[in-house]
Amino acid sequence: MIKDDNNCVGIRENFNVSIAINDQILFSKKINLNDFINIRDIENKVIAAVDASYTKNDLGIGVAIAFEYPSYNIIDCELIARKVCIPYIPGLLAFREMYLISTPLLKLLKKVKPQVLFVDGHGYAHPRFAGIATHIGIVFDIPTIGIAKKKLVGEEVVENNELYLRFKDRLVSKILLINNKKIYVSPGNKISLENSFNITKLMIGKFNLPIPIYLADKLSKIAKRNLEVSYLDSSNIFSINNNLSNLCKKLINKIK
DNA sequence: GCGACAG
DNA sequence: ATCTTGTCGC
């Protein structure tokens, strides 16, 4: 049988679009765009990233990974697999993915103290200035940077020879070019737009994404492959769930 | 009404 | 995000 925790009872029923939108307006009032991290304070320190991936039948995988900068040696990781209960609605991504990400992230933060957390998705560059990077940054009270491959809101503008996204008269995102592809960087919480951009710029490697996001994305996809094998073998989500933390550590070696 | 629309 | 056939390159 499937463990209660993997069902959507009490989650799907409690999700309501207009309440969710109201929650985001409340979040937007709590955003702190001041810098709680200096670009000089990340050398040889811990950085973290979170991401989610999905399989068939409403199964989602959430991962949290911590590594050292600039070696990118992975220090720790956590992951979880559970049923996905909330649909994807543009602007409300956080309500779908927080559910997958919060558990592994909480476990990770009990063990390591990252200077900053990278999140796959927008932060400030959001219809209500509260994307998933903002949700996570406020709930976990940590500096977060939102990294998105596609824009959600705003128009491109040039200011001081640099490319930004402007929305409702505010500069909400600064666009980073990696191999001629646009990456939309926006602050989540406890960090400024410029600092978000400058720190992200340091994280460019040989991939088309900033390294933290690349690593989290890679881990979630490797985990998914391994989960599907286990799932088919055992047909039992419960038994998989108990070993996810160990599985995560085993998968670290496969990333590189 | 029409187009846009993170993952 | 995921699904997918074929193609390019190491």
Side-chain angles (χ1 to χ4, degrees), chain A residues 15 17 20-21 23-24 27-28 31 49-65 79-102 104-105 117-138 144-156 164-168 170-176 178-179 181-189 193 196-197 200 206-210 212-229 231-232 256:
Chain A
F15 178 69
V17 169
I21 287 172
D23 287 346
Q24 290 186 324
F27 270 124
S28 72
I31 301 174
V50 292
D51 192 21
S53 61
Y54 304 87
T55 73
K56 299 172 183 177
N57 288 338
D58 300 324
L59 194 62
I61 293 105
V63 309
I65 187 167
L79 69 88
I80 193 173
R82 66 198 330 187
K83 206 167 176 184
V84 178
C85 300
I86 309 295
Y88 169 69
I89 301 167
L92 301 181
L93 173 70
F95 294 91
R96 177 176 169 86
E97 297 208 333
M98 266 294 257
Y99 175 63
L100 294 172
I101 286 169
S102 58
L105 179 57
L117 173 70
F118 282 81
V119 180
D120 197 337
H122 291 288
Y124 197 52
H126 179 275
R128 291 163 291 280
F129 308 100
I132 186 168
T134 312
H135 284 239
I136 293 175
I138 290 173
T144 50
I145 297 174
I147 303 293
K149 300 175 259 326
K150 291 186 285 189
K151 77 159 194 175
L152 177 58
V153 294
E155 55 173 351
E156 286 183 18
Y164 291 84
L165 226 43
R166 184 176 63 198
F167 179 64
K168 292 189 173 175
R170 307 184 200 182
L171 294 180
V172 293
S173 169
K174 189 162 177 179
I175 300 171
L176 179 63
I178 302 181
N179 298 329
K181 288 185 201 170
K182 291 169 182 169
I183 299 294
Y184 302 90
V185 180
S186 66
N189 189 43
L193 174 59
S196 300
F197 179 86
T200 303
K206 57 180 175 178
F207 312 110
N208 292 329
L209 286 171
I213 294 297
Y214 174 84
L215 291 177
D217 181 69
K218 201 78 176 170
L219 177 63
S220 72
K221 278 167 182 162
I222 292 172
K224 181 174 66 178
R225 284 205 294 276
N226 285 266
L227 275 180
E228 282 183 315
V229 172
Y231 182 70
L232 291 173
K256 292 182 179 176

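Lettering of chains follows the sequences in order, A, B, ..., and the numbering in each one begins at 1.
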Check: Does the pair R82(A) and Y99(A) meet the rule for a side chain to side chain contact (heavy atoms under 4.5 Å, CB included), with working shown?
Finding: CA-CA 9 Å; R82(A) 66 198 330 187; Y99(A) 175 63; 3.6 Å; yes
Next item on the list: For residues F167(A) and Y124(A), establish whether the separation of their ring centroids is below 6.0 Å.
Entry: no
Next item on the list: Figure out the CZ/P separation between R225(A) and dC3(C), and round it to whole Å.
Entry: 12 Å
Note to self: Nearest whole Å is fine: how far is dG7(B) P from I86(A) CD1?
What the structure shows: 19 Å
Check: Between dG7(B) atom C1' and M98(A) atom CE, what is the distance in whole Å?
Finding: 15 Å
Next item on the list: Work out which heavy atom in F207(A) is nearest to a heavy atom in N179(A); give both atom names and the distance.
Entry: O-ND2, 4.1 Å
Next item on the list: Using only side-chain N and O atoms of K224(A), determine if any of them is under 4.0 Å from OP1 or OP2 of dT2(C).
Entry: yes
Item checked: Residue of the set L215(A), V50(A), D51(A), T200(A) for which side-chain contact (heavy atoms from CB on, under 4.5 Å) holds with F118(A) -> T200(A)
Note to self: What is the distance, to the nearest angstrom, from the NZ atom on K150(A) to the P atom on dT2(C)?
What the structure shows: 12 Å
Check: Under 3.5 Å, side chain of T144(A) to main-chain N/O of A133(A), donor-acceptor pair present?
Finding: yes
Check: Y214(A) has an atom OH; how far is it from atom P of dG7(B), in whole Å?
Finding: 17 Å
Note to self: Need one value for Y88(A): base, sugar-phosphate or nothing, where a base atom within 4.0 Å counts as base even if backbone is also close, heavy atoms only.
What the structure shows: base
Notebook entry, point to check: If only side-chain N and O atoms of K151(A) are considered, is one of them under 4.0 Å from the OP1 or OP2 phosphate oxygen of dA4(B)?
Noted result: no
Item checked: Between C1' of dA6(B) and NE2 of H122(A), the distance in whole Å -> 5 Å
Next item on the list: Report which part of the nucleic acid I132(A) touches: base, sugar-phosphate, or nothing (heavy-atom distance under 4.0 Å, all strands).
Entry: base
Next item on the list: Have a look at I61(A) and say if it touches a base, only the backbone sugar-phosphate, or nothing, with a 4.0 Å heavy-atom cut-off.
Entry: nothing
Margin query: Whole angstroms only, please: what is the CG-P distance between L93(A) and dT2(C)?
Written below: 12 Å
Next item on the list: Pick base, sugar-phosphate or nothing for G146(A), based on heavy-atom distances below 4.0 Å to the nucleic acid.
Entry: nothing
Notebook entry, point to check: Can you find a side chain N or O atom of K149(A) that sits less than 4.0 Å from OP1 or OP2 on dA1(C)?
Noted result: yes
Checklist line | Shortest side-chain distance from H126(A), nucleotide among dG7(B), dA6(B), dT2(C) | finding: dA6(B)
Check: Can you tell me how far P of dA6(B) sits from CG of L209(A), to the nearest Å?
Finding: 16 Å
